[in-house]
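Single-structure report; data block below.
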Amino acid sequence: VEFITGPAGSGKTTCMFGRIKDKCESADKLCIIVPEQYSQDFDKKLYFYLGAENFNELFSLSFTGLARQLFQLFGDPDRKGEFADEMAKMILVYQAISSALSRPESLSSFRRRSMQSGFAEEIMTIIRDMKRAAVSPEKLTEKAVFLDKRLMDKTNDVAAIFLEYQHLMKEYGFKDELDNIREAAAVANLNRYFYNKSVFLDEFESFTADQYEMLKVMLSSADDVCIALRTDDVSGGEYTLFETVNDTYRKIMDICRELG
């Protein structure tokens, strides 16, 4: 793995463009990942740097776009059914709460609050956050025992509803877009998608848990991975301007050490 670091305006992206240009002859072996909100601006700058002939062989992807591409290329026999839209998800949350309430041992902390307006919306937000952080209902229950009684009861209540929600998603045959990147990482690993490829990542300050899973597959199988990070000192401690980015650097280095 190679890191290109420096503060804003220091030329990190231009340096990365140089690395990409050196490998343009093997465009099919390049994988360029940027956040979705920056892709248009990134592609415009890359076009002017490389010229039309070289650029037309390349394209950047977000992690979400990469997941879609992987499913299109390789499919996934375990991903049958339709994606649940927001309305369907909310209906399932209401059903999950009702199912949990039907058991006397469930919702010891949230039983009264579950009847209040807005509770289901709060639970939906929590479930989204848990999925993005790759935290399962089982993991919530496992960690709850280390909390004080009040927090433990609340955590167990959330886990109970979350578990019911997962069961209902499976029962109705729904897929959740929030699972795409994590499941696509497994597809990429199984099919050695990044083997013999060069991967470039720019404009990220941090990554979600499912994106780290994809990163781990990249780092374990790609020929080389180049990551641009906006920091002037990767060894900087807490409470510094680049604390978030430096933490990202340390997490990536931890993955590299784990992979050997």
More than 12 heavy atoms of other residues, nucleotides or ligands under 6.0 Å from CD of Gln37: yes or no? yes

Do you know which two heavy atoms are closest between Phe174 and Phe83, and how far apart they sit? CD2-C, 4.3 Å

Backbone N or O of Pro35 within a donor-acceptor pair of the Ser39 side chain at under 3.5 Å? no

Side-chain ion pair, Asp254 and Arg250, N-O less than 4.0 Å: no

If you take the centroid of each ring, where Trp contributes its six-membered ring, are Phe3 and Tyr249 closer together than 6.0 Å? yes

Worked check of side-chain contact (heavy atoms from CB on, under 4.5 Å) between Cys256 and Leu219: CA-CA 7 Å; Cys256 292; Leu219 292 165; 4.2 Å; yes

OH of Tyr38: more than 12 outside heavy atoms within 6.0 angstrom? no

With no hydrogens and no angle check, is any side-chain donor or acceptor of Glu183 less than 3.5 Å from a backbone partner on Asn180? no

Output, in order, the C-alpha distance, side-chain angles, deciding distance and verdict of side-chain contact (heavy atoms from CB on, under 4.5 Å) for Phe146 and Thr155. CA-CA 11 Å; Phe146 299 105; Thr155 302; over 6 Å; no

Under the 3.5 angstrom rule, does the side chain of Asn246 hit a backbone N or O of Asp233 as a donor-acceptor pair? yes

For atom CD of Glu171, is the number of surrounding heavy atoms from other residues, nucleotides or ligands below 6.0 Å larger than 12? yes

Among Ser98, Ser99, Ser102, the one residue meeting side chain to side chain donor-acceptor pair (under 3.5 Å) with Glu164: Ser99

More than 12 heavy atoms of other residues, nucleotides or ligands under 6.0 Å from CZ of Arg103: is that the case? yes

Could you tell me whether a side-chain N or O of Asp153 sits under 3.5 Å from a main-chain N or O of Ser109, the two making a donor and an acceptor? no

Angle between ring planes, Tyr49 versus Phe17, binned at 30° and 60°: parallel, tilted or perpendicular? tilted

So, the side chain of Lys12 versus the backbone of Pro7: is there a donor-acceptor pair under 3.5 Å, distance only? yes

Going by distance alone, is a donor N or O of one side chain under 3.5 Å from an acceptor N or O of the other, for Asp202 and Thr13? yes

Determine whether Met169 and Ile97 fall in the same hydrophobic cluster, where Ile, Leu, Val, Met, Phe, Trp and Tyr are linked whenever their side-chain heavy atoms lie under 4.5 Å apart. yes

Counting only heavy atoms from other residues, nucleotides and ligands, does the tally under 6.0 Å from CD of Glu121 exceed 12? yes

Under 3.5 Å: donor-acceptor pair, side chain of Asn191, backbone of Val187: yes

Assess whether a salt bridge exists between Glu213 and Lys216, defined as any Lys/Arg side-chain N lying under 4.0 Å from an Asp/Glu carboxylate O. no

When you measure from the centre of the six-membered ring of Phe71, is the NZ or CZ of Arg68 under 6.0 Å away and within 45° of the axis? no

At what distance, to the nearest 0.5 angstrom, does CD1 of Ile123 lie from CZ of Arg128? 12.0 Å

Test: Lys89 and Glu177 ion pair at under 4.0 Å: no

Do Asp179 and Lys175 meet the salt-bridge criterion of a basic N to acidic O distance under 4.0 Å? no

Test Glu122 against Arg113 for salt bridge (Lys or Arg N to Asp or Glu O under 4.0 Å), laying out the working first. CA-CA 11 Å; Glu122 289 180 23; Arg113 189 177 168 190; 2.4 Å; yes

Assess the side chains of Gln69 and Tyr193: does a donor N or O sit below 3.5 Å from an acceptor N or O? yes

With a 6.0 Å cut-off on the ring centroids, do Tyr94 and Tyr165 count as close? no

Whether Asp247 side chain and Glu243 backbone form a donor-acceptor pair below 3.5 Å: no

Heavy atoms only: give me the nearest Cys24-Leu58 pair and the separation to one decimal. SG-CD1, 4.0 Å

Heavy-atom closest pair (Phe162 atom, Val135 atom, distance to 0.1 Å) is CE2-O, 3.3 Å

Is there a side-chain contact (heavy atoms from CB on, under 4.5 Å) between Lys251 and Leu215? Walk through the geometry before answering. CA-CA 11 Å; Lys251 287 179 179 177; Leu215 265 173; over 6 Å; no

Take Phe242 and Leu229 through the side-chain contact (heavy atoms from CB on, under 4.5 Å) test and state the conclusion after the steps. CA-CA 10 Å; Phe242 302 112; Leu229 293 176; over 6 Å; no

Please walk me through it: do Asp224 and Ser198 pass side-chain hydrogen bond (donor to acceptor under 3.5 Å, both in side chains)? CA-CA 5 Å; Asp224 46 85; Ser198 295; 3.0 Å; yes

Cluster check Phe55, Ile33: I/L/V/M/F/W/Y, side chain < 4.5 angstrom: no

Under-4.0 Å salt bridge between Asp176 and Lys131: yes

Distance-only polar pair, side chains of Glu205 and Thr244, donor-acceptor under 3.5 Å: no

Is there a side-chain contact between Cys226 and Ile4 (heavy atoms, below 4.5 Å)? yes

Any carboxylate oxygen within less than 4.0 angstrom of a Lys/Arg side-chain nitrogen, looking at Glu2 and Arg19? yes

Distance-only, no hydrogens or angles: does the Ser26 side chain make a donor-acceptor pair with backbone N or O of Lys23 under 3.5 Å? no

Taking atom CZ as the centre, does Arg257 end up with more than 12 heavy-atom neighbours from other residues, nucleotides or ligands that are less than 6.0 angstrom away? yes

Say you draw a straight line from CD of Gln40 to NZ of Lys44; how long is it, rounded to the nearest 0.5 Å? 8.0 Å

Just checking Phe204 against Phe63, ring centres under 6.0 Å apart? yes

Minimum heavy-atom distance between Asp85 and Ala88, given as atom pair plus value: OD1-N, 2.7 Å

Look only at the side chain of Asp232 and the backbone of Gly6, and say whether a donor-acceptor pair between them is shorter than 3.5 Å. no

Taking everything shown except Phe59 itself, do over 12 heavy atoms lie less than 6.0 Å from its CZ? no

Is it the case that atom CD in Glu138 sees more than 12 heavy atoms from other parts of the structure closer than 6.0 Å? yes

